[in-house]
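The structure under discussion appears below in the form of structure tokens.
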Protein chains: 2
Amino acid sequence: MKKTNCEVNDALSIISGKWKPAILFTLISNGSKRFNELERLINGITPRMLAKELKELENNQIVKRTQYETIPLKVTYEMTEYGMSLKDILIKLHEWGINHNRLYK
Amino acid sequence: MKKTNCEVNDALSIISGKWKPAILFTLISNGSKRFNELERLINGITPRMLAKELKELENNQIVKRTQYETIPLKVTYEMTEYGMSLKDILIKLHEWGINHNRLYK
DNA sequence: CGGTATCCTCAAAGATACTG
DNA sequence: CAGTATCTTTGAGGATACCG
């Protein structure tokens, strides 16, 4: 999809993705979480989608991945400081969505 | 695409759409605009996409369509008061996008 | 002037199974 | 435990032509 001239799309491209808001809220609210903790906390997500969206968030510096070379393997994900700059926007979108559902559903 | 449990997606589903941010900013900044004014102001958009996204915004009460039975036909679009409740969020997304591009592009 | 109609492409997301 | 690999489906968006 070619770019448009509006930077809102650049911001949206980073937070949209079916599971990204849920992933972000989970990490924002709960701090560092392991892969399978996220899998359990986010209802209905498959490992494929969780891995894919986490990787995109990591590539955009929103989320930090840490791997511990233990047996069994342990990997954690957490918000970066930069990622936390999305917190207010996400909260406002959340509130707007709740209000919209109340009015129109 | 089945719904997730996060209302951020409900908000995003209303403002995302490739041309919606550009349409919304144009109407927010310039007030009421005719179809072909929007077409000229928004670079690269086709009539099909403009009509489609305007209709979705109208269905969600974000934009109001007014038709004048003149010859030639005249139709205008403007933000609703409810639609204006998105203004702050759009501005924040815009600023975040600009800053993100500055940092990572 | 303000749109539709048709056809096409491609990427996002789902289902299921498998691996270091 | 933390993911990949494959295959399939769906729908957003584009191109182009036409209409009341």
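Proteins get letters first, then strands, A, B, ... in listed order; numbering begins at 1 in each.
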Check: When every nucleotide of nucleotides 1-16 of chain C is labelled 5' to 3' by its protein contacts under 4.0 Å (heavy atoms), B for base, S for sugar-phosphate only, - for none, what sequence of letters results?
Finding: SSBSBB------BBB-
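Under the 3.5 Å distance criterion, the side-chain polar atoms of B/Glu53 are matched with a main-chain donor or acceptor of B/Lys20.
In this structure, B/Tyr82 and A/His100 have parallel ring planes: the angle between them is below the 30° cut-off, well short of the 60° mark.
With values rounded to the nearest 0.5 angstrom, B/Leu54 atom CG is found 4.5 Å from B/Ile23 atom CD1.
Computed from coordinates, the A/Ile45 CD1 to D/dT4 P distance equals 13 Å when rounded to whole Å. Atoms CD1 (A/Ile23) and P (D/dA2) sit 15 Å apart, rounded to a whole Å. We find that CD1 of B/Ile42 is positioned 14 Å from P of D/dG13, with the value rounded to whole Å.
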Would you list the atom pairs, donor with acceptor, under 3.5 Å between side chains in residues 31-47 of chain A and any protein atom, with sequence neighbours excluded?
unit_1	atom_1	unit_2	atom_2	d
A/Glu37	OE1	A/Arg34	N	2.7
A/Thr46	OG1	A/Met49	N	3.4

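Ring centroid separation for the pair B/Trp96 and B/Tyr104 does not come in under the 6.0 Å cut-off.
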